[in-house]
2 protein chains.
Amino acid sequence: MYGADLDLAQLARRFHALSDETRLRIVDLLVSGEKCVCDLQDAIGAAQSRLSFHLRVLREAGLVRDRRQGRWNFYSLRPEVLEQMAAYLRERRPDEAAWGACGCTETHEGRCCD
Amino acid sequence: MYGADLDLAQLARRFHALSDETRLRIVDLLVSGEKCVCDLQDAIGAAQSRLSFHLRVLREAGLVRDRRQGRWNFYSLRPEVLEQMAAYLRERRPDEAAWGACGCTETHEGRCCD
DNA sequence: TTGACTGATCAACGTTCGTTGATGTATTGT
DNA sequence: ACAATACATCAACGAACGTTGATCAGTCAA
């Protein structure tokens with residue numbers, strides 16, 4: 001119960017992190033490996049504070065991690081989190097048996113499910 | 001490579017559709033098959049207009065379809081779309097070879113990638 | 001120490017989102 | 001024809017989001 005709701009909030013937050021084009025482009029760039037913010041900045045052509053904002057959203061959703069080294073901050077994907085999200089989606093595909101069938105309860109006054 | 005910016009906007013829209021707890025609960029309910037709005041309403045305990053709003057978001061993102069029959073409107077998942085999203089996520093997992101490696105370009109003045 | 005550089009954070013602003021309550025529109029049973 | 005049901009749509013409102021420009025903090029080289 002509690003756990004389920006917590007997971008829903010977590011999940012919503014993770015999907016939200018991917019609901020923006022700029023962040024999707026960041027993810028694309030990180031597929032080839034860890035990148036520092038300045039390189040992402042060059043690649044995306046976004047203002048520094050804007051990029052920082054989006055990286056924060058991705059980080060707080062758990063999709064990326066950051067690693068400080070000297071004056072650079074390196075960001076990388078967390079593949080296990082992407083995998084969890086993919087698994088969620090695959091688990092939500094309805095059974096073929098349920099396709100097109102009305103799954104309504106029989107509690108209607110009229111006849112919902114003829 | 002994978003699709004152009006058009007697809008990015010579409011993708012962002014689809015992830016946005018899953019970025020809300022109410023909509024995630026709707027998806028959960030639809031896994032067991034097609035449902036009419038009134039049953040979703042009972043199951044979720046949301047106001048009718050609120051539910052209608054969320055169903056519209058899911059529909060316009062392509063995650064569900066609706067089917068009118070008599071005075072009922074039946075919603076169901078579109079499994080192929082969920083599958084596409086899952087595939088996207090699995091394709092974005094970095095190669096293991098790239099884990100932890102700095103993929104920065106060599107264009108920095110200082111030494112970013114020692 | 002000074003100055004250049006990386007990057008986070010903040011305030012301000014306009015835009016989008018989600019909720020509520022009301023109204024509109026089919027469809028159906030009486 | 002009338003009333004009830006199922007559902008979409010609208011207007012209004014506050015909350016959350018994304019952008020910009022400014023400021024601040026830490027690191028490094030000269």
Distance in angstrom units between [X] [atom1] and [N] [atom2], rounded:
X	N	atom1	atom2	result
B:Arg67	D:dC7	CZ	P	12 Å
A:Trp72	C:dG7	CH2	C1'	12 Å
B:Arg68	C:dA26	CZ	P	10 Å
A:Phe74	C:dG7	CZ	C1'	12 Å
B:Asp66	D:dA8	CG	P	7 Å
A:Arg71	C:dG3	CZ	P	16 Å
A:His16	D:dG18	NE2	C1'	9 Å
A:Asp39	C:dC5	CG	P	16 Å

Partner set under salt bridge (charged side-chain N to carboxylate O under 4.0 Å, His left out) for [X], not counting sequence neighbours:
X	value
B:Glu60	B:Arg56
A:Arg23	none
A:Arg14	none
B:Arg13	none

Considering only heavy atoms from C-beta outward, does the side chain of [X] approach that of [Y] to under 4.5 Å?
X	Y	result
B:Leu24	A:Tyr88	yes
A:Leu55	A:Asp66	no
A:Leu30	A:Val64	yes

Subject >> Closest to side chain of B:Asp20, choosing from D:dA8, D:dG18, C:dG18 >> reply: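 Taking heavy atoms from C-beta onward, the closest nucleotide is C:dG18.
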
Original post:
Side chain of B:Asn73: nearest nucleotide among C:dG7, D:dA8, C:dT19?
Top reply: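 Nearest to the side chain of B:Asn73 among the choices is D:dA8.
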
Original post:
Phosphate oxygens OP1/OP2 of D:dA8: is one of them under 4.0 Å from a side-chain N or O of B:Tyr75?
Top reply: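 True: B:Tyr75 side-chain N/O within range (under 4.0 Å) of D:dA8 OP1/OP2.
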
Original post:
Within the distance-only criterion (no hydrogens, no angle test), does the side chain of A:Arg65 pair as donor or acceptor with the backbone N or O of A:Leu77 below 3.5 angstrom?
Top reply: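 Yes, the answer is positive, given that a donor and an acceptor are paired below the 3.5 Å cut-off.
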
**OP:** Would you jot down, in residue-number order, the residues of residues 55-62 of chain B having a non-hydrogen atom under 4.0 Å from DNA chain C?
**Re:**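 The answer is none.
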
Original post:
At what angle, to 10 degrees, do the two end axes of the helix from C:dT1-D:dA30 to C:dT30-D:dA1 meet, given five pairs define each axis?
Top reply: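 Answer rounded to 10°: the end axes differ by 20°.
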
Subject >> With sequence neighbours excluded, residues passing side-chain contact (heavy atoms from CB on, under 4.5 Å) with B:Leu29 >> reply: B:Leu40, B:Ala43, B:Ile44

Subject >> Partners passing side-chain contact (heavy atoms from CB on, under 4.5 Å) against A:Glu91 (at least two apart in sequence or in another chain) >> reply: A:Ala87

**OP:** Would you jot down, in residue-number order, the residues of residues 44-54 of chain A having a non-hydrogen atom under 4.0 Å from DNA chain D?
**Re:**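 Output list: A:Ser49, A:Arg50, A:Phe53, A:His54.
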
**OP:** State yes or no: do A:Tyr75 and A:Ile26 share one hydrophobic cluster built from I, L, V, M, F, W and Y residues joined by side-chain heavy-atom distances below 4.5 Å, directly or via other members?
**Re:**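 As far as the 4.5 Å side-chain criterion goes, A:Ile26 and A:Tyr75 are connected within one cluster.
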
